[in-house]
Protein chains: 2
Amino acid sequence: MKRTKKERQRLLTETIEDNPFVTDEQLASQFGVSVQTIRLDRMELSIPELRERIKDVAAQNYENEVKSLPLDEVIGEIIDIELDQRALSIFDVKDEHVFQRNGIARGHHLFAQANSLAVAVINDELALTVKSNVVFVKPVKAGDRVITKAIVRNRNSEKNRTYIDVVSTVNNETVFKGEFEMYRTKGSGDNNEVSN
Amino acid sequence: MKRTKKERQRLLTETIEDNPFVTDEQLASQFGVSVQTIRLDRMELSIPELRERIKDVAAQNYENEVKSLPLDEVIGEIIDIELDQRALSIFDVKDEHVFQRNGIARGHHLFAQANSLAVAVINDELALTVKSNVVFVKPVKAGDRVITKAIVRNRNSEKNRTYIDVVSTVNNETVFKGEFEMYRTKGSGDNNEVSN
DNA sequence: CTGGTATTAGTACCAAGTGCTAAAAAAACT
DNA sequence: AGTTTTTTTAGCACTTGGTACTAATACCAG
């Protein structure tokens, strides 16, 4: 009899969150209680059963994947996109993205979000970053919601290049900006013929 | 009886690939055969049952999520460092770091390695990236071992800035280079508050 | 001692299967 | 056609990881 029911349920929630693939039986033996107790706990906490949990994880993944192209490879969640024009993504900064010491987000996460978005906005099979200049304007903290906007500025069809401006904000304040020069295979663009 | 067994099995594989969440019963009615036939087909094609399929999708997702951008102190392994002077790290590019489509490493991983190294080489409590210009010189593939060298070029004590050049190579060929402007607290003059 | 909460036990049942056997149907041969 | 082979169905027992529900027991407090 370790601790109170409350404490067990707290740990239970944590454990399952941490690893949704765990069965009631495993949980029972882990906490030294009966399977029924675990079931009761799950009910009280309205945590679904193993299969449902797994299905949720899978479905989540699948949704994103099904949504056309390489959206699943994006850091942050794309919430709006007009191919070859603009795109918007959200990225919630969590504890794991920041330096422990000062709670400031590591630069490469912001870069990753911006870079991903630059790749995603390009309407092409292959888009690679060639160059980028970025500025980390203001520190981002855990808990911040970073909204990143990518705008296609320019296309050079001869050199297969696309130039993209990216700005990230938190509460309407710019925290990061960058210019990305992207390489693309084709000049395919259904609705426009930008060349410059 | 639509078509041959072969044809049905081809379609079956396709259907399941397309939507792993489908049950044998649904498949049976879709193809106008009995559930047993579907089971037989799955066996011959060694397609796992629904639950296993879902678990696979979920597990895959989970892996990716966890691995998406390692939050460890440094991306890549530091193999040599002289604080405030130079540092060297190794990063082995794995499948999870590349675009599935073309096997080319995603830019932000190279950036992350470089950025981490730039942070690490600075002998200070707090080091933040202020700006960076980077060039992705040559695509990096899964299996490549990226060796990244950071060299401290310059220090401006008044502005609490340090300038670092970073070059990444694979087999002695430059694949990435960048300049990083870093902010640091100490070194000369204390400054605890971050201003940009 | 009486209550109330917490825990455990036990039963029936479900979904979506596996594994196995056997029979019926269809197709292929000679 | 007659026989062999392949393909398809059917049926039953059993498995996992549960739900739903009932009943018993344990424990702690007033």
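Just so we're on the same page: letters track the sequence lines, and every chain starts at 1.
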Whether [X] contacts [N] is assessed here as follows: a side-chain N or O lying under 4.0 Å from the phosphate OP1 or OP2. Is that the case?
X	N	answer
A:Arg53	D:dG17	no
B:Ser34	D:dT9	yes
A:Thr37	C:dT8	yes
A:Arg8	C:dA6	no

Spacing between [X] atom [atom1] and [N] atom [atom2], to the nearest angstrom:
X	N	atom1	atom2	result
B:Ile38	D:dA10	CD1	C1'	15 Å
A:Met43	C:dA6	CE	P	16 Å
B:Gln9	D:dT6	CD	C1'	12 Å
A:Asp24	C:dT7	CG	C1'	15 Å
A:Glu49	C:dC14	CD	P	15 Å
A:Glu25	D:dG18	CD	P	9 Å
B:Phe31	D:dT9	CZ	C1'	18 Å
A:Lys6	C:dT7	NZ	P	12 Å

Quiz prompt | Sugar-phosphate only, base, or nothing, as touched by A:Val33 at under 4.0 Å among non-hydrogen atoms | solution =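 Here A:Val33 touches the backbone only, sparing every base.
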Quiz item: Just wondering, are more than 12 heavy atoms of other shown residues or ligands nearer than 6.0 Å to CZ in A:Arg10?
Solution: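 Enclosed.
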Check every atom of [options] against the side chain of [X] and return the nucleotide holding the closest atom.
X	options	result
B:Lys5	D:dT19, C:dA16, D:dT7	D:dT7
A:Arg39	D:dG18, D:dT9, C:dT18	D:dG18
A:Leu40	D:dG17, C:dG17, C:dT7	C:dT7

Quiz item: Got a sec, which residues hit ring pair (Phe, Tyr, Trp, His ring centres under 6.0 Å) with B:Phe111, two or more places apart in sequence or on another chain?
Solution: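 Applying ring pair (Phe, Tyr, Trp, His ring centres under 6.0 Å) to B:Phe111 gives A:Phe111, B:Phe180.
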Self-check item: Check against salt bridge (charged side-chain N to carboxylate O under 4.0 Å, His left out), B:Glu179 and B:Arg153
Solution: CA-CA 9 Å; B:Glu179 298 159 30; B:Arg153 272 288 167 239; over 6 Å; no
Quiz prompt | Rounded distance (nearest 0.5 Å) linking atom CZ of A:Arg8 with atom CG of A:Leu27 | solution =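 Reported value, rounded in 0.5 Å steps: 11.0 Å.
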Quiz item: Do A:Lys138 and A:Asp144 pass the salt bridge (charged side-chain N to carboxylate O under 4.0 Å, His left out) test, and can you show the C-alpha distance, the side-chain angles, and the key distance before you say yes or no?
Solution: CA-CA 12 Å; A:Lys138 191 170 175 299; A:Asp144 285 352; over 6 Å; no
Exercise. With DNA chain C as reference, determine whether A:Gln36 or A:Glu44 sits nearer its 5' end, using the nearest nucleotide of each.
Key: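 Between the two, 5'-proximity favours A:Glu44.
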Quiz item: Does the D:dT16 base have a donor-acceptor partner in the side chain of A:Arg51 within less than 3.5 Å?
Solution: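 Side chain to base: pair found, below 3.5 Å.
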